[in-house]
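Remember, predicted model here, so these are calculated numbers, not experimental data.
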Amino acid sequence: KGLDAVAGWFPENKSLEDAAEFGKIGRYYAAESMLVLDETTGDYDANATPSFGNDTLEAFFEAAVKDPEVLKAQALGDQAVFGVGKGEEV
C-alpha cells in the first residue's frame, strides 16, 4: 500500500510503479502457502503438491559460490528486478 501511494505521487517515475508491483508480488508469495490444501484434514500436504525438476536453491547457491559463471547464465533481460540480472557483469 505504501509503495503504491508513493508511486502515485510521482506518476512519471515508472521505476516506483514497478517497485510497488514487485513488492505486491513478493508479499503474495511470502504470505500465501504454495502447498496443496487437503480439504479432508484441513492441512497442507507437501507430498500432494506438484513439483518439477530436482534443482534446489541450496545447490544453486553452492554452484554459484564455486563458479561465478553460473550467475551469468541467470541474465533476465527485461524481466530483471531493479536492474539486477540484466546481464551485466556480476
Side-chain angles (χ1 to χ4, degrees):
K1 294 177 185 178
L3 281 177
D4 278 336
V6 172
W9 295 333
F10 304 97
E12 70 284 350
N13 191 329
K14 180 85 169 104
S15 64
L16 285 176
E17 186 179 314
D18 290 345
E21 185 64 22
F22 177 68
K24 286 189 244 177
I25 292 168
R27 183 170 187 217
Y28 173 83
Y29 282 102
E32 295 296 322
S33 174
M34 299 294 123
L35 299 176
V36 169
L37 178 64
D38 182 331
E39 293 184 18
T40 307
T41 65
D43 294 327
Y44 290 103
D45 186 352
N47 294 324
T49 302
S51 64
F52 304 92
N54 297 315
D55 295 336
T56 65
L57 188 57
E58 180 180 12
F60 171 77
F61 286 148
E62 287 174 357
V65 166
K66 292 176 186 170
D67 181 7
E69 292 294 317
V70 169
L71 294 177
K72 290 182 182 177
Q74 300 300 311
L76 300 173
D78 289 340
Q79 286 71 44
V81 177
F82 306 121
V84 175
K86 274 195 173 287
E88 294 99 13
E89 280 297 312
V90 277

Which pairs would a plain distance check flag for residues 53-69, meaning a side-chain donor or acceptor within less than 3.5 Å of a matching protein atom at least two apart in sequence or in another chain?
| unit_1 | atom_1 | unit_2 | atom_2 | d |
| --- | --- | --- | --- | --- |
| Thr56 | OG1 | Ala59 | N | 3.0 |
| Asp67 | OD1 | Glu69 | N | 3.0 |
| Glu69 | OE2 | Lys72 | NZ | 3.3 |

What's the spacing between Tyr44 OH and Met34 CE if we round to 0.5 Å? 9.5 Å
From Leu37 atom CG to Asp43 atom CG, the distance as rounded to the nearest 0.5 Å: 8.0 Å
Where Thr49 and Val36 come nearest, the two heavy atoms and their spacing: OG1-N, 2.8 Å
